[in-house]
Amino acid sequence: MRPNIASRLEPSTPTLQDLISQIDEGEVKVPAFQRRFVWKDTQALELLDSLASNYPVGSLLLWRTGDKLVTDRNIGDFTLPETDDHSPTDYVLDGQQRLTVIYSCLGAAEESSGFAAGYDLLEDAGFVPLPENPPVHVFPLRILFRTSRLLDFRTALQAHPKGHDLQKDLDNLVRVLTGYRLPVVTLKNLTLDEVCPIFERINSSGTRLSIYDLMVAATWSRNFDLNERAKQLATALEGKDFDEVQGTTLLKVLSALDSNSTDRESIIALRGKPATHLDTLVERAKGALERAVDFFVTEFRVHSLDFLPYEAHLVILAAIFGERKALSDLEVRRVRQWFWRSAFTEHYRGASESFVNKSLAATRSFVLDNAIAADEFGGMPTIRTLLRLGFRKNGAGARAFALAMAKRGPRNITNGSSIDAYSALSVYNKHQFHHIFPQAFLKRTDADADPNRLMNICLLAASENNAISDAEPNVYLPELVNRHGVQAEAIFGSNLLPGPTGFDYGSCSYDDFLEARANAAAVWIGELCGGDH
């Protein structure tokens, strides 16, 4: 049953000065789930011109509540006073951009940062960004409601050759702006759950609130700020290139640790927990995520969040490390089986909340209790599967293959030097990946061939990649084999390439190569999926 909103609306038409006073007193604030101030200077000046022309500029929608929500900023760049716990606060639901311009241009102190505007009285030039040292004929709007400063400015105009006319124009501007009334509709006595759908409906950006945005607002207290704790977590993971873990991911880990579930209902249920419980839960999640990230880095060579196949991998492993600070050798082996199988078979592709919840329980049961079979998370990829996989940046299979190559300890096929897996995988860089049959070569010789097959990719430093360029593979690969001599087998094998003693690189076709590469790679991938490495 939807609330009867009409009975809880309070219309009013305050002056601009009234609104500025309410902001200064901390009675009007912007909730944390609002988007940032994004207007450009031209938009701000157009709004001011509309006000001066006495045009309607739309109404503001406020939500009056005694519940205190987090406001990590108040109005634009300006830090405003806190209200006491017993005073209701009006939170801006619609009109933040307009209200920010009004406060920044008409209400902020002259010396404050943030956008400041002036009105050029000369030749009816209109509103302009306020220069650092404005000429006598440019009226600084921030002194509009400061009587003594306004009178001083008006008096100074007498020195201008057109002073009399400029004073008349100033008086007209002041009269209109001080008399302008802005329609305001205030919603009273609504809960956060009732207000959020209204906000989403009228939000001009069309961007729905994420569950993280809502939970930041719903769980905030003077003793707990989810947004601040998420920032602390990002700082802790920054050195491992995992600092961009999303707030929604943290919420799922919190919920998994608290109720063994990651669905929306379980996450929303966290809002009823006391601040001490949430604080302890976040600290536990922080430790679990740090251990999970360390495990991904050391065990799977996941040196960056960009190369984690799925968010579910991080959530589920963190939930396991929330129960166990360390895993036994057998438990580590089962984590390997779960990870490689689910990554190569794209087990979590498009996974629903219920699917991830089911997998969370299944993975715990498998890793910690050995109660189900590894096949629950997918079988070992077949030769046909490997041949079908394309090289896509966001593809789980491609990421898994890159990690499998990094785990192998690859060496540059050009000079035999070791490849720094951290450098290659810490941040996605296409120049670290080499098309063994170069794209330009295939385009020139076989227009129908797809160069972006996963089995056509290996790790290679950018400089070496450029050196090969579009060389003919039936020429440059045999040359490399001869150059490396007895080391060729090991170097090619480190890249999951077919061994040159059993494969003729000088005469093979592209399809021949892909088939042989898939057979060579399948052996190593099978060992990974079996938990051997």
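Predicted model, so just to flag it, every value in this text is computed and none were measured.
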E290 and K286: salt bridge (Lys or Arg N to Asp or Glu O under 4.0 Å), yes or no, with the steps?
CA-CA 6 Å; E290 288 178 328; K286 178 174 175 288; 3.4 Å; yes
Side-chain ([X]) to main-chain ([Y]) donor-acceptor, under 3.5 angstrom:
{"X": "Q43", "Y": "K40", "answer": "yes"}
{"X": "S104", "Y": "T100", "answer": "no"}
{"X": "D225", "Y": "N227", "answer": "yes"}
{"X": "S365", "Y": "A361", "answer": "no"}
{"X": "N456", "Y": "P451", "answer": "yes"}

Where do F242 and V302 land on the side chain to side chain contact (heavy atoms under 4.5 Å, CB included) test, with the steps shown first?
CA-CA 10 Å; F242 273 76; V302 182; 3.7 Å; yes
[atom1] ([X]) with more than 12 external heavy atoms under 6.0 Å:
{"X": "R349", "atom1": "CZ", "value": "no"}
{"X": "Q246", "atom1": "CD", "value": "no"}
{"X": "E244", "atom1": "CD", "value": "no"}

Looking just at side-chain N and O atoms, do [X] and [Y] make a donor-acceptor pair shorter than 3.5 Å?
{"X": "S259", "Y": "S261", "answer": "no"}
{"X": "S266", "Y": "D263", "answer": "yes"}
{"X": "D511", "Y": "S509", "answer": "no"}
{"X": "S359", "Y": "Y348", "answer": "yes"}
{"X": "D258", "Y": "H277", "answer": "yes"}
{"X": "Q337", "Y": "R334", "answer": "no"}

Taking the six-membered ring where the residue is Trp, are the ring centres of [X] and [Y] under 6.0 Å apart?
{"X": "F339", "Y": "F296", "value": "yes"}
{"X": "H347", "Y": "F355", "value": "yes"}
{"X": "F295", "Y": "F300", "value": "yes"}

Does [X] pair with [Y] as a salt bridge, N-O distance under 4.0 Å?
{"X": "E527", "Y": "K407", "value": "no"}
{"X": "R336", "Y": "D532", "value": "no"}
{"X": "E331", "Y": "R324", "value": "yes"}
{"X": "R364", "Y": "D369", "value": "no"}
{"X": "R341", "Y": "E376", "value": "no"}
{"X": "R453", "Y": "D450", "value": "yes"}

Is there a side chain to side chain donor-acceptor pair (under 3.5 Å) between N452 and H435? Walk through the geometry before answering.
CA-CA 8 Å; N452 290 310; H435 289 77; 2.7 Å; yes
Please lay out, stage by stage, how S328 and V332 fare under the test side chain to side chain contact (heavy atoms under 4.5 Å, CB included).
CA-CA 6 Å; S328 69; V332 167; over 6 Å; no
Nearest 0.5 angstrom please: [X] [atom1] to [Y] [atom2], how far?
{"X": "E283", "Y": "R229", "atom1": "CD", "atom2": "CZ", "answer": "5.0 Å"}
{"X": "E472", "Y": "Y476", "atom1": "CD", "atom2": "OH", "answer": "11.0 Å"}
{"X": "F127", "Y": "L48", "atom1": "CZ", "atom2": "CG", "answer": "5.5 Å"}
{"X": "L305", "Y": "L314", "atom1": "CG", "atom2": "CG", "answer": "7.0 Å"}
{"X": "I436", "Y": "F513", "atom1": "CD1", "atom2": "CZ", "answer": "3.5 Å"}
{"X": "F224", "Y": "T276", "atom1": "CZ", "atom2": "OG1", "answer": "10.5 Å"}

Could you pull out the closest heavy-atom pair between [X] and [Y], with the gap in Å?
{"X": "P129", "Y": "L45", "answer": "CD-CD1, 3.7 Å"}
{"X": "P500", "Y": "F492", "answer": "CD-CB, 4.0 Å"}
{"X": "A449", "Y": "L442", "answer": "CB-CD2, 4.3 Å"}
{"X": "L387", "Y": "L514", "answer": "CD2-O, 3.4 Å"}
{"X": "R517", "Y": "C458", "answer": "NH2-CB, 4.1 Å"}
{"X": "P410", "Y": "N495", "answer": "CB-OD1, 3.7 Å"}

Determine whether [X] and [Y] make a side-chain contact, defined as any pair of heavy atoms from C-beta on separated by less than 4.5 Å.
{"X": "V293", "Y": "V245", "result": "no"}
{"X": "F115", "Y": "W39", "result": "no"}
{"X": "L386", "Y": "I525", "result": "yes"}
{"X": "F344", "Y": "T385", "result": "no"}
{"X": "M405", "Y": "L496", "result": "yes"}
{"X": "N415", "Y": "R483", "result": "no"}
{"X": "F321", "Y": "L327", "result": "yes"}
{"X": "K273", "Y": "L281", "result": "no"}

Name the one of N474, L480, L497 that satisfies side-chain contact (heavy atoms from CB on, under 4.5 Å) with Y505?
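Result: among N474, L480, L497, L497 is the only option passing the side-chain contact (heavy atoms from CB on, under 4.5 Å) with Y505.
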Can you tell me which residue among I267, L270, T262 is in a side-chain contact (heavy atoms from CB on, under 4.5 Å) with L254?
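It is L270; the other options fail the test.
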Just do the ring-ring contact (aromatic ring centres under 6.0 Å, His included) check on F401 and F391 with the steps written out, would you?
CA-CA 9 Å; F401 188 62; F391 182 60; 9.0 Å; no
Report the C-alpha distance between R291 and L317 in whole Å, list the side-chain angles of each, state the deciding distance to 0.1 Å, and finish with yes or no for side chain to side chain contact (heavy atoms under 4.5 Å, CB included).
CA-CA 9 Å; R291 289 190 290 275; L317 190 58; over 6 Å; no
Decide yes or no on side chain to side chain contact (heavy atoms under 4.5 Å, CB included) for S417 and R411, but give the supporting numbers first.
CA-CA 5 Å; S417 63; R411 297 163 64 182; over 6 Å; no
Decide salt bridge (Lys or Arg N to Asp or Glu O under 4.0 Å) for E323 and R284; before the verdict, give the C-alpha distance in whole Å, the side-chain angles of both, and the deciding distance to 0.1 Å.
CA-CA 10 Å; E323 293 186 23; R284 184 181 167 201; 6.0 Å; no
